[in-house]
Peer 1: 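Before I ask anything, here is the structure I am working with.
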2 protein chains.
Amino acid sequence: MEEQIIDVLKKSQLSVTDSRRKILELFLQSDSAMAHHDIEIKAGEKFDRVTVYRTLQAFLDKGIIHTIPTPDNSVKYALCKDNCEQGHHHDDHIHFICKICGITTCLDEVHVPEIKLPRGYKTQQTEVVVSGICKECS
Amino acid sequence: MEEQIIDVLKKSQLSVTDSRRKILELFLQSDSAMAHHDIEIKAGEKFDRVTVYRTLQAFLDKGIIHTIPTPDNSVKYALCKDNCEQGHHHDDHIHFICKICGITTCLDEVHVPEIKLPRGYKTQQTEVVVSGICKECS
DNA sequence: CATATTTTGCAACACTGTTGCAAAATGTAG
DNA sequence: CTACATTTTGCAACAGTGTTGCAAAATATG
C-alpha cells in the first residue's frame with residue numbers, strides 16, 4: 001500500500017508529503033466517495049483544513065481523483081481509475097447514491113449512455129447520478 | 001402573467017406576497033436555470049437574502065421549482081413543468097450546461113434514459129447533466 | 001374591519017472555501 | 001550527508017453561503 005501511494009504521487013509529479021500520503025491512503029482504503037468534510041475528519045486533526053483543500057485540488061489537477069455532483073449539492077471525491085491522465089479524465093461510469101445509507105459509489109461497470117441532443121447542441125461531458133437503494137441496504 | 005403567478009401560488013397553498021410574486025415572475029420570465037445568487041441580484045435589493053432562501057425552499061417544497069446539480073457544485077433552480085405536484089417531482093428531462101456562456105437549461109424534450117444497474121441496486125431517481133456547447137454558442 | 005396566522009427583515013451564527021505570507025518540509029546536487 | 005532552492009504547510013484573515021430565533025410587518029379569514 002505504502003509503495004503504491006508513493007508510486008502514484010511520483011507518477012503525478014507531486015512531492016511526497018505526509019498529508020498527501022495520508023489522504024491518498026484514505027482514498028485507496030475507501031470504496032465509496034468522500035466529501036471534503038469526511039476527509040478532514042478521517043485524516044485527523046494533524047492536518048489543517050486548508051491543506052486538505054489544497055491536496056484535493058492537487059489530486060484533481062493531476063487526475064488522481066474526480067468530483068461527483070450530487071443532488072443535494074455536496075461535492076464528493078473519488079479515485080479515478082488508471083485510464084485517467086493529468087487533466088484528462090476518461091470517466092465514463094455512472095454514480096450511485098443510496099438514499100438509505102447515504103453512501104456514494106462509482107459504478108465503474110455501468111457506462112454512461114449516449115444522449116441524443118437537439119440540433120445545435122454539442123456534448124462534451126455527460127454526468128449520470130442515480131439515487132436509490134444500494135446492494136447492502138436492499 | 002400576474003394572473004398566472006397568483007394562480008400558481010394559490011394552487012400551491014402559498015400566501016401571495018411581494019417576494020413570492022417577484023421571484024416566481026423571474027422564473028417565468030427566464031428560460032434558463034438560475035442560481036440563488038442570480039435570483040438575489042435580479043430580485044433587487046428590496047428583498048432580504050434570507051427571504052430569497054425561504055422563498056426558494058417553499059417553492060421547492062411545493063414542487064414549483066426543482067434543483068439542478070452541477071459539476072462545479074453550484075445549485076441552480078428551474079421551474080417545474082405542470083406535471084409536478086407537491087413533493088412529487090416527475091422530472092424526467094435532462095439538463096444541459098453550456099461551457100461557453102455558462103447557461104443551464106432544462107431540455108424538456110430529452111428524456112433521461114433507463115440505466116440498468118447491477119443486481120441488488122434499486123433506482124429511484126436518475127439525474128443526467130450534459131455539459132458542452134449550446135445552440136446559441138455553436 | 002379586527003384578529004389570527006404567516007411571512008419578512010434583522011442580527012447573529014456556523015460552515016465552506018480562498019488567499020497571502022512566514023515557517024517548515026521536501027527534493028536536488030554536490 | 002549537507003546545503004540550498006523549491007514546494008508545501010499552517011495560520012490568520014477574509015468572502016461567500018446557508019441557517020435560526022425573534023420581533024415587526026404583511027397577509028388571509030371571517
Side-chain angles (χ1 to χ4, degrees), chain A residues 2-3 5-26 33-62 64-65 67-77 86 102 104, chain B residues 2-3 5-26 33-62 64-65 67-77 86 102 104:
Chain A
E2 190 61 19
E3 273 177 42
I5 288 169
I6 291 171
D7 191 54
V8 170
L9 290 176
K10 291 216 163 147
K11 270 191 184 150
S12 302
Q13 299 165 280
L14 289 172
S15 47
V16 180
T17 67
D18 287 352
S19 57
R20 287 176 183 166
R21 277 218 295 254
K22 180 63 183 172
I23 291 175
L24 185 49
E25 190 184 12
L26 291 178
M34 293 183 289
H36 173 93
H37 187 73
D38 302 334
I39 297 165
E40 213 177 301
I41 301 293
K42 283 186 187 166
E45 293 174 9
K46 197 179 156 199
F47 305 106
D48 193 78
R49 224 160 50 81
V50 177
T51 302
V52 177
Y53 277 108
R54 288 195 271 225
T55 303
L56 290 175
Q57 191 55 56
F59 286 2
L60 281 176
D61 290 346
K62 297 299 184 178
I64 299 174
I65 59 176
T67 57
I68 304 169
T70 63
D72 72 327
N73 235 67
S74 62
V75 207
K76 298 227 169 176
Y77 304 88
Q86 284 196 207
T104 301
Chain B
E2 189 60 21
E3 271 177 43
I5 288 169
I6 292 173
D7 191 53
V8 170
L9 291 176
K10 291 217 162 146
K11 269 190 185 150
S12 301
Q13 300 166 278
L14 289 171
S15 47
V16 180
T17 66
D18 286 353
S19 57
R20 287 176 183 163
R21 277 216 295 251
K22 180 64 184 172
I23 292 174
L24 184 49
E25 189 184 9
L26 290 177
M34 293 182 287
H36 172 93
H37 188 73
D38 302 333
I39 298 165
E40 214 178 302
I41 301 294
K42 283 187 190 168
E45 292 174 10
K46 195 179 156 197
F47 305 107
D48 193 78
R49 224 160 50 82
V50 178
T51 301
V52 176
Y53 278 108
R54 286 195 273 227
T55 302
L56 290 174
Q57 191 56 55
F59 286 2
L60 282 175
D61 291 346
K62 298 297 186 178
I64 299 174
I65 59 176
T67 58
I68 303 169
T70 63
D72 72 326
N73 235 65
S74 62
V75 208
K76 297 228 171 176
Y77 304 88
Q86 285 197 206
T104 301

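Here is how names work: the chains are called A, B, and so on, in the same order as the sequence lines, proteins then strands, and each is numbered from 1. Everything numeric here is computed off the predicted structure, so don't read it as measured data.
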Peer 1: Show me the donor-acceptor pairs within less than 3.5 Å that the side chains of residues 33-45 of chain A make with the rest of the protein, sequence neighbours left out.
Peer 2:
unit_1 : atom_1 : unit_2 : atom_2 : d
A:H36  : NE2    : A:E40  : OE1    : 2.8
A:D38  : OD2    : A:A35  : N      : 2.8

Peer 1: Quick check for you: to the nearest 0.5 Å, what is the distance between A:Q57 atom CD and A:K62 atom NZ?
Peer 2: 11.5 Å

Peer 1: For B:T104, give me all partners under side-chain hydrogen bond (donor to acceptor under 3.5 Å, both in side chains), at least two apart in sequence or on another chain.
Peer 2: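 Here no residue qualifies.
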
Peer 1: Any chance you could measure B:L24, atom CG, to B:I65, atom CD1, to the nearest 0.5 Å?
Peer 2: 9.0 Å

Peer 1: Under 4.0 Å from any heavy atom of chain B: name the first and the last nucleotide of DNA chain D that qualifies, 5' to 3'.
Peer 2: D:dT17 to D:dA28

Peer 1: Apply side chain to side chain contact (heavy atoms under 4.5 Å, CB included) to A:T51 and list each qualifying residue two or more places apart in sequence or on a separate chain.
Peer 2: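 Partners of A:T51 under the side chain to side chain contact (heavy atoms under 4.5 Å, CB included) test: A:S19, A:D48, A:T55.
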
Peer 1: Would you kindly give the CD-to-C1' distance between A:Q13 and C:dT26, to the nearest whole Å?
Peer 2: 16 Å

Peer 1: With a 4.0 Å cut-off on heavy atoms, is B:R20 in touch with a base, just the backbone sugar-phosphate, or nothing at all?
Peer 2: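 Sugar-phosphate, no base atom in range.
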
Peer 1: Could you list all N or O pairs between the protein and nucleotides 27-30 of chain C that sit under 3.5 Å apart?
Peer 2:
unit_1 : atom_1 : unit_2 : atom_2 : d
C:dG27 : OP1    : A:V16  : N      : 2.7

Peer 1: Could you say whether B:T55 or A:V50 is positioned toward the 5' end of DNA chain C, judged by the nucleotide with the nearest heavy atom to each?
Peer 2: B:T55

Peer 1: Judged by each residue's nearest nucleotide on DNA chain D, which is more toward the 5′ side, B:R49 or B:D18?
Peer 2: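 This one resolves to B:R49.
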
Peer 1: A:F47 CZ to C:dA25 C1': how many Å, rounded?
Peer 2: 13 Å

Peer 1: To the nearest 10 degrees, how far apart in direction are the end axes of the helix from C:dC1-D:dG30 to C:dG30-D:dC1, each fit to five base pairs?
Peer 2: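 One end axis against the other gives 40°.
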
Peer 1: Both B:E40 and A:S19 contact DNA chain D. Which one's nearest nucleotide lies toward the 5' end?
Peer 2: A:S19

Peer 1: With salt bridge (charged side-chain N to carboxylate O under 4.0 Å, His left out) as the rule and sequence neighbours excluded, what pairs involving residues 17-26 of chain A come up?
Peer 2: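 Only A:E2-A:R21, A:D18-A:R21, A:D18-A:K46 qualify under salt bridge (charged side-chain N to carboxylate O under 4.0 Å, His left out).
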
Peer 1: Roughly, in whole Å, what's the span from CG in A:D48 to P in C:dT16?
Peer 2: 14 Å

Peer 1: Kindly compute the distance separating CD1 (A:I64) from CG (A:L56), expressed to the nearest 0.5 Å.
Peer 2: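 Going from the CD1 atom of A:I64 to the CG atom of A:L56 covers 10.5 Å.
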
